[in-house]
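Just below is one structure, and these are the notes that go with it.
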Amino acid sequence: MRAPDPAHPFYMEQVVQYALIFGRPGLENTWQGIAFDFAFHMHWQTLFRFALCQALCTNSAAKSSVVRRLVLVMVQPRMYCEAVASYNAAFLERPLVAQYGFHLNILQVHVPDDQAHNFLDDDALHVLLHNRIPLDWVDHAYTYGVVYLEQQFHNPTMSMDIFKDVDNKCIECLSHYGTPPTIPQWYGWREMMEDDHYCLMFKCAEKRLLPAPPEATGLYYYIGMDPNWVHLWKCMAAHGMLPLGTHCD
């Protein structure tokens, strides 16, 4: 199955099928940022941001670093809003006009592998501004950032100092501005359909034919819970979520 088309990133049923097939819920849950619960429902907000990320980033060895930096920007409320205000003040005759609609004109970011460590917040903001990404889309992507960072904390792949620093900035922004608003039609949990169950059955059967079937891993939420939390790096048990296979006493 092909990845979603960058020019039409929000054909969401294609995004859902892509996430189910390659995300492998119930086996090794490898997607970063997509919220799964124990019934394998997926949260619409995180799917929306996943689709946006796929549209903005080319497939390369540096993609994970670019995605990470975009997430660090989006999880800090109003950072993009302030960047848009600064842009509009600098270009009074050419203010930012956000693009909406089914067909988008997206210029994907490509960062050479040896320059990935130089891709910083300002670069991520430039990508969003250059592609005229709407403010409400970035606000709606907040939950993806929360889930992504929770996953990073419980399966560390980046500096814990950076993680805690972002957590502190996020909490400060939330105390001043509150949780960013959402887009109602892309909010809540998407329930599994009959075809989804068949898809996962075949995928699991295929994996079990391997010499060493992978264990079920990943960060899963209790059914119906809200994946948004103020303190990102608190203990999972305190948040009411657990990695698959873990038990609370």
Side-chain angles (χ1 to χ4, degrees), residues 3-4 6 8-20 22-23 25 29-57 67-81 98 100-102 104 106 124 127-128 131 133-154 166-167 170-171 173-174 177-193 196 218-234 236 239-241:
H8 307 90
F10 301 122
Y11 181 47
M12 296 305 290
E13 282 307 312
Q14 183 183 7
V15 173
V16 167
Q17 294 303 314
Y18 186 77
L20 281 174
F22 296 106
N29 180 8
T30 58
W31 287 128
Q32 298 293 313
I34 296 181
F36 283 94
D37 69 13
F38 282 104
F40 301 153
H41 302 152
M42 289 179 283
H43 202 276
W44 278 118
Q45 268 184 278
T46 61
L47 284 167
F48 180 91
R49 171 58 181 82
F50 173 77
L52 182 59
C53 172
Q54 292 294 312
L56 290 173
C57 303
V67 170
R68 180 181 303 151
R69 188 55 60 176
L70 286 168
V71 169
L72 296 182
V73 166
M74 292 185 175
V75 80
Q76 299 179 58
R78 290 191 64 85
M79 178 178 276
Y80 182 53
C81 179
Y100 290 92
F102 182 73
L104 301 176
I106 296 291
V127 170
L128 297 172
N131 283 290
I133 302 302
L135 284 168
D136 53 341
W137 289 7
V138 174
D139 284 342
H140 191 68
Y142 169 76
T143 300
Y144 179 96
V146 172
V147 175
Y148 182 96
L149 291 177
E150 286 281 11
Q151 292 167 331
Q152 295 295 322
F153 177 75
H154 297 295
V166 171
D167 181 35
C170 178
I171 293 170
C173 290
L174 289 172
Y177 309 116
T179 303
T182 63
I183 300 173
Q185 59 266 40
W186 298 118
Y187 183 77
W189 292 93
R190 180 197 180 273
E191 295 187 3
M192 291 277 286
M193 305 298 182
D196 301 333
L219 187 64
Y220 290 81
Y221 293 78
Y222 288 130
I223 296 173
M225 75 174 291
D226 186 350
N228 289 302
W229 293 97
V230 175
H231 294 272
L232 303 179
W233 61 284
K234 291 294 185 182
M236 284 179 296
H239 283 184
M241 65 180 139

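Starting from 1, each residue takes its place in the sequence as its number. Side chains included, hydrogens not; waters and symmetry mates left out as well; all remaining heavy atoms used.
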For C57, what residues pass the side chain to side chain contact (heavy atoms under 4.5 Å, CB included) criterion, not counting sequence neighbours?
C53, K63, V66, V67, L70, V109
side-chain hydrogen bond (donor to acceptor under 3.5 Å, both in side chains) partners of R69, counting only residues at least two apart:
D121
Y144 and G33: which non-hydrogen atoms are nearest, and at how many Å?
CD1-O, 3.4 Å
Answer yes or no: is there a side-chain heavy-atom contact under 4.5 Å between L174 and P180?
yes
Residues at least two apart in sequence or cross-chain that pass ring-ring contact (aromatic ring centres under 6.0 Å, His included) with H43, listed by chain then number, are Y187, W189
Any non-hydrogen side-chain atom of T143 less than 4.5 Å from a side-chain atom of D226?
no
Looking at L47 and A19, what are the two nearest heavy atoms and their distance?
CD2-CB, 4.2 Å
Within a radius of less than 6.0 Å around CD of Q185, do more than 12 heavy atoms belonging to other residues, nucleotides or ligands occur?
yes
Is the backbone of F48 close enough, under 3.5 Å, to the side chain of H140 for a donor and an acceptor to pair up by distance?
no
Going by the rule side-chain hydrogen bond (donor to acceptor under 3.5 Å, both in side chains), which residues pair with T46 if we only count those two or more places apart in sequence or in a different chain?
none
Is Y142 close to T182 at the side-chain level, that is, under 4.5 Å between some pair of heavy atoms?
no
Please determine whether side-chain contact (heavy atoms from CB on, under 4.5 Å) holds for the pair V147 and Q45, giving the CA-CA distance in whole Å, both sets of side-chain angles, and the decisive distance to 0.1 Å.
CA-CA 10 Å; V147 175; Q45 268 184 278; over 6 Å; no
Decide side-chain contact (heavy atoms from CB on, under 4.5 Å) for R49 and V71; before the verdict, give the C-alpha distance in whole Å, the side-chain angles of both, and the deciding distance to 0.1 Å.
CA-CA 9 Å; R49 171 58 181 82; V71 169; 4.0 Å; yes
Just wondering, do Y148 and V75 contact through their side chains at under 4.5 Å, heavy atoms?
no
Let's go through V16 and W44 carefully: what are the C-alpha distance in whole Å and the side-chain angles of both, what is the deciding distance for side-chain contact (heavy atoms from CB on, under 4.5 Å) to 0.1 Å, and is it a yes or a no?
CA-CA 9 Å; V16 167; W44 278 118; 4.2 Å; yes
Candidate pair M74 and L52, rule side-chain contact (heavy atoms from CB on, under 4.5 Å), full reasoning
CA-CA 12 Å; M74 292 185 175; L52 182 59; 4.0 Å; yes
Just jot down the side-chain hydrogen bond (donor to acceptor under 3.5 Å, both in side chains) partners of D37, sequence neighbours excluded, or say none.
H41
Provide the closest heavy-atom pair for I223 versus F38 in the form atom of the first, atom of the second, distance.
CG1-N, 4.4 Å
